[in-house]
Protein chains: 2
Amino acid sequence: MGRPRKFDETRVLTAVMNMFWQRGYEATSTRDLAETTGMGLSSLSNAFGDKRQLYLRALRRYYETNTAVQTELLEQPGPVKDRVRNLMVQAIDIDLANPPSSGCLIINASIEMANTDPEVAQEVRRHFTTVERALRAALAEGQRSGEITRDQDAVALTHHVLSSYYGLRVLARVQPDRAALMNVVDTMLAKL
Amino acid sequence: MGRPRKFDETRVLTAVMNMFWQRGYEATSTRDLAETTGMGLSSLSNAFGDKRQLYLRALRRYYETNTAVQTELLEQPGPVKDRVRNLMVQAIDIDLANPPSSGCLIINASIEMANTDPEVAQEVRRHFTTVERALRAALAEGQRSGEITRDQDAVALTHHVLSSYYGLRVLARVQPDRAALMNVVDTMLAKL
DNA sequence: CCAGTTTTGGTTCACGTGATCTAAAAACCG
DNA sequence: CGGTTTTTAGATCACGTGAACCAAAACTGG
């Protein structure tokens with residue numbers, strides 16, 4: 001009934017997510033966002049709200065895309081160790097890409113904003129919880145089938161694997177040696 | 001020969017480091033820094049250079065203080081596993097402190113700036129390299145004494161432990177449960 | 001005392017920033 | 001056509017920002 005929108009919401013949110021991912025919240029200006037989306041400042045603001053709300057939308061977009069991919073990798077059929085391995089290989093692929101990657105948007109957000117913005121903290125927690133749940137389900141399945149050690153319960157084991165996974169993402173920034181990173185993965189998996 | 005300085009360099013750099021650590025580079029203004037140090041804008045600038053140079057000085061201050069503590073923990077006499085454990089317990093203590101901690105300045109810097117600023121990247125690398133070296137020396141010692149498995153060489157083992165260590169720092173942000181984190185540490189150590 | 005040097009304490013400059021405002025465009029309906 | 005609504009396209013506002021500028025203070029040496 002009013003003028004139709006000229007932009008595609010998904011495409012815009014993806015562009016916004018990518019820019020926040022690459023630059024972080026503070027170093028990204030609303031004019032940067034307008035430019036990367038090809039929209040005017042007020043159009044962006046009218047459609048999505050202020051800068052912070054755009055950021056929250058970007059985090060939710062990440063949840064729909066990257067978080068979903070991560071949980072899917074864990075939910076595939078097949079040996080659990082292969083699934084966990086796939087999760088980690090995917091992270092290594094991203095982190096060693098050229099041009100240099102910006103790691104994981106959620107980790108970045110947890111560092112930059114989660115301490116001061118409760119709603120960002122909530123989006124961060126949602127992502128982590130989702131991945132953790134998928135991983136725990138997979139590991140529990142592996143324990144039931146005997147593929148994976150029953151030394152500890154699935155919850156503790158999940159934390160253990162998560163710590164390796166997140167550490168891998170940090171390590172990839174300073175040790176961009178694929179063989180070394182893959183070795184970390186394989187060592188960890190061999191001990192499950 | 002000119003007017004004497006009124007500030008204590010170490011105290012100022014520590015205050016600057018703490019503020020950058022808490023807020024990140026972009027979200028910290030030069031006026032914030034002036035206020036936290038009790039110095040005027042031009043005094044700060046005349047003494048230390050522009051904002052970016054202050055940041056580099058903060059990273060170096062971190063190296064002299066926190067990085068040094070980390071390597072000392074690894075270089076202490078006594079069982080190697082205890083030393084590694086001490087390193088991780090220290091991290092957990094920091095990360096679970098109240099008010100909420102800002103994690104590790106170097107990890108934060110690697111995410112916020114190391115992709116775009118070569119000199120920051122260099123300071124980041126220096127920190128990581130120093131900790132890695134100390135850890136490798138400790139692990140190699142543990143292998144020689146038979147305390148630690150010889151399944152893999154010390155370099156690969158170092159990467160493995162580092163990935164757990166850095167992951168622990170990320171995990172602590174979203175899973176602030178001391179027992180769970182300690183369990184990750186003890187599980188990892190038990191498998192060395 | 002004066003000149004020179006360094007530091008301090010403010011002030012100001014030239015932009016950049018997030019957000020607001022305004023008018024026109026693009027649609028629909030009666 | 002006029003009225004209404006939503007969106008677009010610019011422009012502008014009120015601050016905030018990093019850094020430069022200026023004068024006075026505090027020291028040394030001749």
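Every chain is numbered from 1 and lettered A, B, ... according to where its sequence line falls, protein lines coming before strand lines. In this text the structure is predicted, and so the values were computed from the model without any measurement.
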D93(B)/R178(B) salt bridge by N-O under 4.0 Å criterion: yes
Length of the line joining E35(A):CD and dG10(D):C1', which is rounded to integer Å: 16 Å
Touch class at under 4.0 angstrom, heavy-atom based, for N46(A) against every strand present: base
M39(B) CE to dG9(C) C1', straight-line distance once rounded to whole Å: 11 Å
Nucleotide dG18(C), atom C1' - distance to CG of L41(A) in whole Å: 9 Å
Among dT8(C), dT17(C), dT8(D), the nucleotide that comes nearest once only the side chain of K6(A) is considered: dT8(D)
side-chain hydrogen bond (donor to acceptor under 3.5 Å, both in side chains) partner of T187(B), chosen from Q152(A), H159(A), K191(A), H160(A): Q152(A)
Between P of dG18(D) and CZ of F48(B), the distance in whole Å: 17 Å
Under-3.5 Å donor-acceptor pair between S42(A) side chain and dG10(D) base: yes
L54(A) CG - dA19(C) C1' separation (whole Å): 13 Å
Sugar-phosphate only, base, or nothing, as touched by S29(B) at under 4.0 Å among non-hydrogen atoms: sugar-phosphate
Cationic N near anionic O, under 4.0 Å, R126(B) to E123(B): yes
From N66(A), T10(A), T14(A), residue fulfilling side-chain hydrogen bond (donor to acceptor under 3.5 Å, both in side chains) relative to R61(A): T14(A)
DNA chain C: 5'-proximal contact among F7(B) and D32(A) (nearest heavy atom): F7(B)
Atom CZ of R133(B): over 12 foreign heavy atoms under 6.0 Å: no
N/O donor-acceptor pair, side chain R31(A) with base dG18(C), under 3.5 angstrom: yes
Distance, rounded to the nearest Å, where R52(B) contributes CZ and dA19(D) contributes P: 10 Å
Rounded interatomic separation in angstrom, taking CZ from F20(A) and C1' from dG18(C): 12 Å
Between dG18(D) (C1') and E26(B) (CD): distance, integer Å: 11 Å
Most 5' of K51(B) and R5(A) on DNA chain D, judged by nearest nucleotide: R5(A)
Residue whose closest nucleotide on DNA chain D lies nearer the 5' end, G2(B) versus G49(B): G49(B)
Selected nucleotide, minimal atom distance to R3(A) side chain, candidates dT8(C), dA25(C), dA19(C): dA25(C)
